[in-house]
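Report on one structure; see the data block that follows.
The shown structure was predicted, so the numbers you read here are calculated from the model rather than taken from an experiment.
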Protein chains: 2
Amino acid sequence: MISFDNFKLRDGIPVYLQILEHIKQGIVAGEIVNNDELPSRRVLSALLGLNPNTVQKAYRILEDEGLIESHAGAKSYMRLDGEKLRRVRDELIERVTLDAAEAFKRMGLTKAEAAALLERYWSEVEEEK
Amino acid sequence: MISFDNFKLRDGIPVYLQILEHIKQGIVAGEIVNNDELPSRRVLSALLGLNPNTVQKAYRILEDEGLIESHAGAKSYMRLDGEKLRRVRDELIERVTLDAAEAFKRMGLTKAEAAALLERYWSEVEEEK
DNA sequence: AAAACCGTATTAGTGATATAATACAGTTAA
DNA sequence: TTAACTGTATTATATCACTAATACGGTTTT
């Protein structure tokens, strides 16, 4: 069962996108693997204090991207082969890295300064339990 | 006059926040300094293809934060002293760095891997003209 | 078979983002 | 002084994200 223990809502970003991001990060991290079971729309929405429709929107997009399989009445499962894993990993890493690099550059920092900042702040990220 | 030449709209993020971000990044980069003149609401909205009210919303927030000064009928100017410069710089750097570090960590990367990625992608960021 | 789940769908309402069209009064430059 | 700007404000409309309350039928478990 896919875990949402370390999931914290951030404001300013649509919730359904945060759910998408959380699952894709889990895939890249290797925590989520093929055939893993997803929490039901009702269970996850109750757990996160959301409306089932918000979770459904995220799940629907994942299904459209071919990452999960859903059938009326049955539970939903991850459907990941090598090609999809590679695609998710490459897209996520590229987006996160380019966004950060772009922001650092716009602030006038050098490559070395940006890398040093990232390493300095690394341990300040809230630890996951 | 503050420049918006390298400003490109990204979707998924409220436009007024992107304007705020652009100006704050310019401040940190040292491109925007005290007493600099801001483009008028009408001029900037026309330049960016937006509604004047959208620009007004961003400028209003900057004024609330004490970074610009506006008076009916007159142009708007940056109002930056050492304390404000420090505040903007610290807040922006901390937010950008922590967001990136958090995303990298969630993907299961190590500090060294993340720093290496950032350096590898550095030159791939679209160059500003 | 029946109960307890499940995915899916629909309709309605709220708040935020953004557009559009004006209007008014203060400042500045010709 | 007058024309052209400026900031500021108001009202209306559209879209999106999200909530809320249901409903229907399929699957699974007991």
Side-chain angles (χ1 to χ4, degrees), chain A residues 1-4 7-24 32 34-80, chain B residues 1-4 7-24 32 34-80:
Chain A
M1 174 72 74
I2 293 180
S3 162
F4 277 79
F7 186 80
K8 0 167 216 198
L9 285 170
R10 299 192 301 173
D11 41 25
I13 307 166
V15 179
Y16 76 97
L17 290 179
Q18 296 185 47
I19 296 173
L20 271 177
E21 195 83 355
H22 183 265
I23 291 178
K24 290 186 176 182
I32 295 174
N34 192 27
N35 296 325
D36 267 359
E37 180 186 326
L38 290 127
S40 80
R41 279 75 164 162
R42 288 173 178 83
V43 166
L44 182 56
S45 61
L47 181 68
L48 302 180
L50 306 172
N51 189 281
N53 295 336
T54 302
V55 177
Q56 164 64 2
K57 181 163 189 177
Y59 279 21
R60 176 57 179 271
I61 294 174
L62 286 171
E63 192 172 13
D64 288 345
E65 294 183 0
L67 302 181
I68 75 176
E69 191 175 349
S70 295
H71 295 292
K75 295 178 178 174
S76 302
Y77 296 92
M78 302 301 307
R79 292 298 180 232
L80 302 167
Chain B
M1 173 70 75
I2 293 180
S3 162
F4 277 80
F7 186 81
K8 5 170 209 189
L9 284 170
R10 300 193 301 173
D11 42 24
I13 306 166
V15 178
Y16 77 96
L17 290 180
Q18 297 184 49
I19 296 173
L20 271 177
E21 195 82 354
H22 182 264
I23 292 178
K24 290 187 175 182
I32 295 174
N34 192 28
N35 296 325
D36 268 358
E37 181 185 326
L38 290 127
S40 79
R41 279 74 165 163
R42 288 173 178 82
V43 166
L44 182 57
S45 61
L47 181 67
L48 302 181
L50 305 172
N51 189 280
N53 296 337
T54 302
V55 177
Q56 164 65 2
K57 181 164 188 175
Y59 280 20
R60 176 60 179 269
I61 294 174
L62 285 171
E63 192 173 14
D64 288 345
E65 294 183 359
L67 301 181
I68 76 176
E69 191 175 349
S70 296
H71 295 291
K75 294 177 178 174
S76 301
Y77 297 92
M78 301 301 307
R79 294 298 181 232
L80 303 167

Measure the distance from CD on B/E37 to C1' on D/dG7 and round it to the nearest whole Å.
13 Å
Going by the rule salt bridge (charged side-chain N to carboxylate O under 4.0 Å, His left out), which residues pair with B/D11 if we only count those two or more places apart in sequence or in a different chain?
none
Partners meeting side chain to side chain donor-acceptor pair (under 3.5 Å) with A/N35 (sequence neighbours left out):
A/R79
Go through it in stages, so that I can follow the logic: the residues are B/V15 and B/L48, the test is side-chain contact (heavy atoms from CB on, under 4.5 Å), and I'd like the CA-CA distance, side-chain angles, deciding distance and then a yes or no.
CA-CA 10 Å; B/V15 178; B/L48 302 181; over 6 Å; no
Roughly how many Å is it from CZ in A/R10 to P in D/dA17, rounded to a whole number?
17 Å
Got a sec, which residues hit side chain to side chain contact (heavy atoms under 4.5 Å, CB included) with A/L47, two or more places apart in sequence or on another chain?
A/F4, A/L44
Listed by chain and number, what are the side chain to side chain donor-acceptor pair (under 3.5 Å) partners of A/S70, not counting sequence neighbours?
A/R41, A/S76
What is the 5' to 3' range of DNA chain C, first to last nucleotide, that sits under 4.0 Å from any heavy atom of chain B?
C/dT17 to C/dT27
Write out all pairs satisfying side-chain hydrogen bond (donor to acceptor under 3.5 Å, both in side chains) with one or both partners inside residues 44-54 of chain B, taking only residues at least two apart or from two chains.
B/N51-B/N53
Please identify each residue that fulfils salt bridge (charged side-chain N to carboxylate O under 4.0 Å, His left out) with A/R60, with sequence neighbours left out.
A/D64
Just to verify, what does A/K24 make a side chain to side chain donor-acceptor pair (under 3.5 Å) with, not counting sequence neighbours?
A/E65
Taking only residues two or more places apart in sequence, or in another chain, which ones meet A/Q18 in a side chain to side chain donor-acceptor pair (under 3.5 Å)?
none
Here the distance between atom P of D/dT22 and atom CG of A/N51, to the nearest Å, is 13 Å
Check nucleotides 25-29 of chain D for protein N or O atoms closer than 3.5 Å to its own N or O atoms and list the pairs.
residue: D/dG26; atom: N2; partner: A/G73; partner atom: O; Å: 3.4

According to a strict under-4.0 Å criterion, is B/S76 in side-chain N/O contact with OP1 or OP2 of D/dG7?
yes
Using a heavy-atom distance cut-off of less than 4.0 Å, which residues of residues 53-64 of chain A contact DNA chain D?
A/N53, A/T54, A/K57
Which atom pair, heavy atoms only, marks the closest approach of B/L80 to B/I32?
CD1-O, 4.1 Å
